[in-house]
Every structure is written in C-alpha cells, then in structure tokens.
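Every heavy atom of this structure was used, including side-chain atoms; hydrogens, water molecules and symmetry mates were not. Since the structure is predicted, the reported quantities are computational estimates derived from the model, not experimental observations. All residue numbers refer to positions in the sequence shown, counting from 1.
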Amino acid sequence: MLARLAPAIFVLLWSTGWVVAKYAAFFADPLTFLALRYSFAILLFIGFCAVTGARWPRSWSVVGHAIVSGILLHGLYLGAVWWAIGEGVPAAISGIIAGLQPLMTAAVAPFLISENLSRQQRLGLMLGFSGIALAVLPKVLAIDTEFHLLPVVINVLGMGAVTYGTLYQKRHLQTGDIRAIAALQYVGALVVTLPLALMLEEMHVSWNLELVAALAWSVLGLSMGAIALLLYLIRRGQVSRAASLIYLVPPLAAVQAALFFGEALTWPMIIGTIIAVTGVYLTNRKAGNEALPQEQAGKPAVV
C-alpha cells in the first residue's frame, strides 16, 4: 500500500511548504524561523544517520560540496521564498513561481553541462515561461496590489539559486550517502540563514502552540518526512512516478492557499498554471516521449 501511495504523499507533503511559510510568518520572522528549522533538522538528521548507519564522507572536498549545495538549495532558495512570502507575496503566486525551477534548469543546462534540448523541449520552455508570466504578472502589475515588486524579484532570484544548486549537486555530488549529504546540506543552510536573520530581522519569535505546530511540520513533515519518502522512492526505483506528479505542486499550493488563507484563484492564475504545467511536462520529456532521468530534469527543492 505504501509503495502505491508514496509518490502522491510525497508530492502532497511538498506542496504544503508554501502554506506553512505563510502561516509561520504570523508568529516569527521568516529567516529566524528557518534558522530554527534548520537547527532542529540538523540534530534529527544526525540522529537519523546514527541510527541507520549512514556513511559520512571521508573527503573534505565532498563535505565542502555538500555544504555549498545546501547553501544554494536550502539557504538561499528557501530564504528568498520565505522572506518574499513574509513580505506579502501570496503563497499561491510563490508556488506558481516555483514552476520556474525545472524550466530554468533545462534552459541553462546546455550552457553549464552541455545538454542539448530537443524542439519539443524548447517549445516546453516557451510555454512554461509564458504560463508563469500569465499567472503572475496581472497580480504584480495590478494597481491595488497588496505586495511590491521587490519581494517577487527576490522570489524569482531564489529559483535561480535552486536551479544552480541542482546543477552543482549533479556535477559534484554524484556519490556519497544521501542521508549524510542531506545532514550536511542543512548545515550549509544554517551557515547562510542565521547571519542573514541577524542582519535583516529582529529575530522575533512568538512561542505558542501554533508556532510549535508550524515548526514541527516544517521539520518532521518537510525536512524529514519528504526526504525519507524520497529515499524510499529512490530505493524502490519509483522516483519517476513522483516526478510525473511534481507538475501538480503549483496548483495544489494555490488551492491550499485559497482554502486556508482565502487567496483568490483568478482565471489568469488558473490558465497560466495549466500552460506552465504543460510546458514543464514537455521540457522534461525527450523526443519520442521518453522521460528524462530525474537528475537531468532537475527536482524542485522542498519548501
């Protein structure tokens, strides 16, 4: 039963990240909250590695690459997304912007790792970026918009960080125990997030049951649960099934934001998301409808 449901559960967990980011902003400064999340995640992953007998890297070079990838994939990416949501970017819009990540990865891959794009993939890129623009720009350009352009730009720059981080990890972390690598990546995330929180925020935290629940879900449900499911899928060779459902993440995030926070689902958002999802699907397919391997397609980072 778990083998059948695991890919769908994984994607559902993944999609809750944007809603949690918006909810947590009511009780703590975004970067401060992330610093707490990473601290607990490091401790839990170290324990997880000890219990499961994970092998730690013996090369300082691998340790360094893992930390740098964590800075990119978690520190800069999540820091940008959570800060943007804390500054008023709707969770639905931020989730739709997340659809840029596999598109951006495919767009820069020919230049960084010499991967050629087919005509179908180039069409997918055009559709994907057009769909994101249709979904996001009306909100950004609206006269009565409740958020400013800068947080949206920072959100998009965060996608650039995770895009480069995906390619960096592919180039430098082809081997090694993924459990130990994940623990070191959260160390890298904390290394960059804590100084940013000290510089940019008042380190405000309102300790209450709601904050503890948000922190517990972020650490156990996302940082630990999603990763554990990913490890399970990798071992069973089912990553491609999860990858095929990744296209549902932006609409799932938008629906959750509408249910929990009353964020409007406009027609441009709905139509743009459908176009973007189609573009991502085409971009991550080879000619002849053969799916790209997951490491080539580029996994969206968990929020």
Could you state whether [X] and [Y] fall into the same hydrophobic cluster, counting links through intermediate Ile, Leu, Val, Met, Phe, Trp or Tyr residues with side-chain heavy atoms under 4.5 angstrom apart?
X	Y	result
M199	I71	yes
V205	V212	yes
F33	F40	yes
I67	W60	yes
L44	V187	yes

Let me confirm one number: the [atom1]-[atom2] distance from [X] to [Y], rounded to the nearest 0.5 Å.
X	Y	atom1	atom2	value
L73	Q169	CG	CD	5.5 Å
L211	Y23	CG	OH	9.0 Å
L157	L76	CG	CG	10.5 Å
F261	F26	CZ	CZ	5.5 Å
L78	L31	CG	CG	10.5 Å
E210	L215	CD	CG	13.0 Å

Can you tell me if [X] uses its side chain to pair, donor with acceptor, with the backbone of [Y] under 3.5 Å?
X	Y	result
Y38	H74	yes
S15	A253	no
E263	A92	yes

Practice problem: Please tell me if the side chains of M203 and L194 come closer than 4.5 Å, counting only heavy atoms from C-beta onward. | Solution: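 The answer is yes; the side chains approach within 4.5 Å.
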Self-check item: Beyond-backbone contact of V19 with L259, side-chain heavy atoms, under 4.5 angstrom
Solution: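 No. Closest side-chain heavy atoms not under 4.5 Å.
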Quiz item: Please walk me through it: do L196 and W83 pass side chain to side chain contact (heavy atoms under 4.5 Å, CB included)?
Solution: CA-CA 11 Å; L196 287 174; W83 181 85; over 6 Å; no
Atom of [X], atom of [Y] and distance for their closest heavy-atom approach:
X	Y	value
G75	V192	CA-CG1, 3.5 Å
P195	L190	CD-O, 3.9 Å
P57	A180	CD-CB, 4.1 Å
A257	A91	CB-CB, 4.0 Å
A66	I181	CB-CD1, 4.1 Å
W82	G17	CZ2-O, 4.3 Å

Self-check item: Steps toward side chain to side chain contact (heavy atoms under 4.5 Å, CB included) verdict (L222, W217)
Solution: CA-CA 7 Å; L222 297 175; W217 180 255; 4.1 Å; yes
Practice problem: Could you tell me how the ring of Y168 sits relative to the ring of H172: parallel (under 30°), tilted (30 to 60°) or perpendicular (over 60°)? | Solution: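 Tilted: the ring planes of Y168 and H172 meet at 30° to 60°.
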Practice problem: I would like to know whether V20 and Q256 meet side chain to side chain contact (heavy atoms under 4.5 Å, CB included); could you show each step before the answer? | Solution: CA-CA 10 Å; V20 173; Q256 290 171 28; over 6 Å; no
Exercise. For the pair V81 and V89, evaluate side chain to side chain contact (heavy atoms under 4.5 Å, CB included) and give the outcome as yes or no after the intermediate values.
Key: CA-CA 9 Å; V81 171; V89 174; over 6 Å; no
